[in-house]
J.: 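Please find one structure pasted underneath; my questions will follow.
The figures that follow rest on heavy atoms only: side chains count, while hydrogens, waters and symmetry mates do not. Please read these numbers as outputs of a predicted model, since none were measured by experiment.
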Amino acid sequence: MTDEELRVAEQRLFECARVLSEEISRALPGWVVSAVESRLPEMGAEVREAAEAAGADAASEIGKEVTRLLAADIDQQSENPLSVLRRAVDYPTRVLQAAGVAPVKRDDFAVDRFPDDVYDLTPASFGHMHPDLHDPGLMWGAAKAFVHRRRHGGPA
């Protein structure tokens with residue numbers, strides 16, 4: 001691969017990262033409200049307001065973390081955007097706890113892997129958080145893998 005081809009691949013990765021970051025920030029507020037509603041279907045106006053505020057906070061705070069991560073060179077990324085996104089579980093959890101909602105029964109894997117997710121809200125994938133995140137997450141992952149392989153060798 002030539003330097004120019006690698007530069008083009010890195011630019012494509014940058015664009016995929018930008019799109020994924022924007023879509024995550026856009027999806028977070030609704031996801032937080034939906035997560036609260038999934039455990040408290042008949043939430044009152046006060047809980048809905050708290051969920052909406054938590055969603056805005058998640059979009060701002062988690063959105064910034066994802067943006068920072070995805071702006072970094074892939075060789076400097078110490079985690080992936082889905083792991084950052086999963087930290088958004090804290091936002092609906094706080095709303096549910098304040099509303100007095102009892103934790104749910106979870107399987108051993110969920111308890112072991114996500115011990116603080118007492119409401120079993122952790123998304124398994126980008127698409128589980130919101131369907132609009134599936135394709136951008138897939139495109140970013142493929143672009144990252146392509147650039148990584150070109151930089152560090154491996155089969156073409």
Side-chain angles (χ1 to χ4, degrees), residues 6-40 43 46-99 101 103-104 106-152:
L6 181 57
R7 189 194 65 72
V8 169
E10 288 171 336
Q11 182 59 40
R12 176 69 179 137
L13 172 59
F14 175 80
E15 179 61 21
C16 290
R18 184 191 61 74
V19 169
L20 180 58
S21 176
E22 288 174 1
E23 291 298 323
I24 286 171
S25 292
R26 195 176 353 263
L28 275 166
W31 177 80
V32 170
V33 173
S34 177
V36 171
E37 197 167 43
S38 74
R39 300 297 179 249
L40 187 62
M43 67 172 125
E46 189 174 307
V47 174
R48 179 167 295 282
E49 187 176 303
E52 289 171 352
D57 290 346
S60 174
E61 295 164 12
I62 298 296
K64 284 178 186 171
E65 283 186 56
V66 168
T67 298
R68 240 186 333 270
L69 174 69
L70 292 173
D73 184 84
I74 61 170
D75 291 336
Q76 304 304 314
Q77 294 175 0
S78 60
E79 61 184 335
N80 67 60
L82 185 57
S83 64
V84 174
L85 187 59
R86 286 177 172 156
R87 291 198 287 270
V89 166
D90 292 345
Y91 297 84
T93 296
R94 287 193 296 260
V95 174
L96 291 164
Q97 288 173 332
V101 176
V104 300
R106 299 179 296 145
D107 63 37
D108 292 340
F109 175 82
V111 170
D112 182 57
R113 185 73 175 100
F114 308 107
D116 297 330
D117 181 15
V118 298
Y119 297 106
D120 201 24
L121 301 171
T122 300
S125 68
F126 292 117
H128 282 117
M129 178 161 271
H130 193 282
D132 289 349
L133 296 179
H134 174 79
D135 287 348
L138 190 65
M139 296 298 291
W140 171 82
K144 179 181 178 182
F146 184 83
V147 168
H148 185 272
R149 180 172 257 171
R150 293 304 184 256
R151 284 183 182 177
H152 302 290

J.: CH2/Trp31 to CD1/Ile24 distance, rounded to the nearest 0.5 angstrom?
T.: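 So the gap between those two atoms works out to 12.0 Å.
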J.: Between Ala58 and Val32, which heavy-atom pair has the shortest distance, and what is it?
T.: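 Heavy atoms only, the tightest pair is CB-CG2, 3.9 Å.
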J.: His134: which residues meet the side chain to side chain donor-acceptor pair (under 3.5 Å) condition with it, sequence neighbours left out?
T.: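 Partners of His134 under the side chain to side chain donor-acceptor pair (under 3.5 Å) test: none.
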J.: Looking only at heavy atoms, what is the nearest atom pair of Leu96 and Val36, with distance?
T.: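 Of all heavy-atom pairs spanning Leu96 and Val36, the closest is CD2-O, 3.7 Å.
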J.: So, the side chain of Ser83 versus the backbone of Asn80: is there a donor-acceptor pair under 3.5 Å, distance only?
T.: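 Pair found, side chain donor or acceptor close to backbone of Asn80.
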J.: Identify, with sequence neighbours excluded, every residue that meets side chain to side chain donor-acceptor pair (under 3.5 Å) alongside Glu52.
T.: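 For Glu52 there are no side chain to side chain donor-acceptor pair (under 3.5 Å) partners, ignoring immediate neighbours.
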J.: Are Glu37 and Arg48 packed together at the side-chain level, in the sense that at least one heavy-atom pair is separated by less than 4.5 angstrom?
T.: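 They are in side-chain contact.
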J.: Is there a donor-acceptor contact under 3.5 Å from the side chain of Arg106 to the main chain of Tyr119?
T.: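 Such a contact is absent between Arg106 side chain and Tyr119 backbone.
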J.: Tell me the salt bridge (charged side-chain N to carboxylate O under 4.0 Å, His left out) pairs involving residues 120-147, sequence neighbours left out?
T.: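 Passing the test, one end in residues 120-147: no pairs.
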J.: Mind checking what makes side chain to side chain donor-acceptor pair (under 3.5 Å) contact with Asp90, not counting sequence neighbours?
T.: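 If we apply the side chain to side chain donor-acceptor pair (under 3.5 Å) test to Asp90, skipping adjacent residues, there are no hits.
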J.: Could you name each residue pair satisfying salt bridge (charged side-chain N to carboxylate O under 4.0 Å, His left out) that touches residues 61-83, not counting sequence neighbours?
T.: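 Salt bridge (charged side-chain N to carboxylate O under 4.0 Å, His left out) check on residues 61-83 returns Glu65-Arg87, Asp73-Arg151, Asp75-Arg151, Glu79-Arg87.
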J.: For Glu49, does the CD atom sit with more than 12 other heavy atoms under 6.0 Å from it, leaving out its own atoms?
T.: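 Incorrect, the count does not exceed 12.
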J.: I need the minimum non-hydrogen distance between Val19 and Pro136, along with the two atoms involved.
T.: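 Here Val19 and Pro136 meet closest at CG1-CB, 4.2 Å.
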J.: Would Val33 and Met43 satisfy side chain to side chain contact (heavy atoms under 4.5 Å, CB included), going step by step from the backbone distance to the final call?
T.: CA-CA 10 Å; Val33 173; Met43 67 172 125; 4.2 Å; yes
J.: Quick one: pull up CG in Leu28 and OH in Tyr91 and give me the separation to the nearest 0.5 Å.
T.: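 The OH atom of Tyr91 is 9.0 Å from CG of Leu28, to the nearest 0.5 Å.
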J.: Mark yes or no: Arg12 above the aromatic ring of Phe14, with NZ or CZ under 6.0 Å from the six-membered ring centre and no more than 45 degrees from the axis.
T.: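 Judged by the rule (NZ or CZ under 6.0 Å from the ring centre, within 45° of its axis), Arg12 is not positioned above Phe14.
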J.: Between Val95 and Ala50, what is the shortest heavy-atom contact and its length?
T.: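 Minimum heavy-atom separation between Val95 and Ala50: CG2-O, 3.7 Å.
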J.: How long is the straight-line distance from CD1 of Ile74 back to NE2 of His148, given to the nearest 0.5 Å?
T.: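 Result: 6.0 Å between the selected atoms.
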J.: Can a salt bridge be assigned to the pair Arg26 and Glu23 using a cut-off of 4.0 Å between side-chain N and carboxylate O?
T.: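 Looking at Glu23 together with Arg26, the answer is yes, because their closest N to O distance falls below 4.0 Å.
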J.: Considering residues at least two apart in sequence or located in another chain, which fulfil the side chain to side chain donor-acceptor pair (under 3.5 Å) criterion with Ser21?
T.: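 Once residues adjacent in sequence are excluded, the partners of Ser21 under the side chain to side chain donor-acceptor pair (under 3.5 Å) criterion are Thr67.
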J.: List the atom of Leu82, the atom of Ala124, and the distance in Å for their closest heavy-atom pair.
T.: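 Shortest heavy-atom contact: CD2-O, 3.7 Å.
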J.: Would Leu121 and Ser38 count as a side chain to side chain contact (heavy atoms under 4.5 Å, CB included) here? Give the steps.
T.: CA-CA 9 Å; Leu121 301 171; Ser38 74; 3.8 Å; yes
J.: Can you tell me how far CD of Glu15 sits from CH2 of Trp140, rounded to the nearest 0.5 angstrom?
T.: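 Rounded to the nearest 0.5 Å, the CH2-CD separation comes out at 15.0 Å.
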J.: Can you tell me how far the CZ atom of Arg113 sits from the CG atom of Asp107, to the nearest 0.5 Å?
T.: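 Separation between the atoms: 13.0 Å.
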J.: Can you see which heavy atom on Leu69 is nearest to which on Pro81, and at what distance?
T.: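 Scanning both residues completely, I find the closest heavy atoms to be CD2-N, 3.5 Å.
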J.: About how many Å separate OG1 of Thr93 and CZ of Arg39, when rounded to the nearest 0.5 Å?
T.: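 So the gap between those two atoms works out to 9.5 Å.
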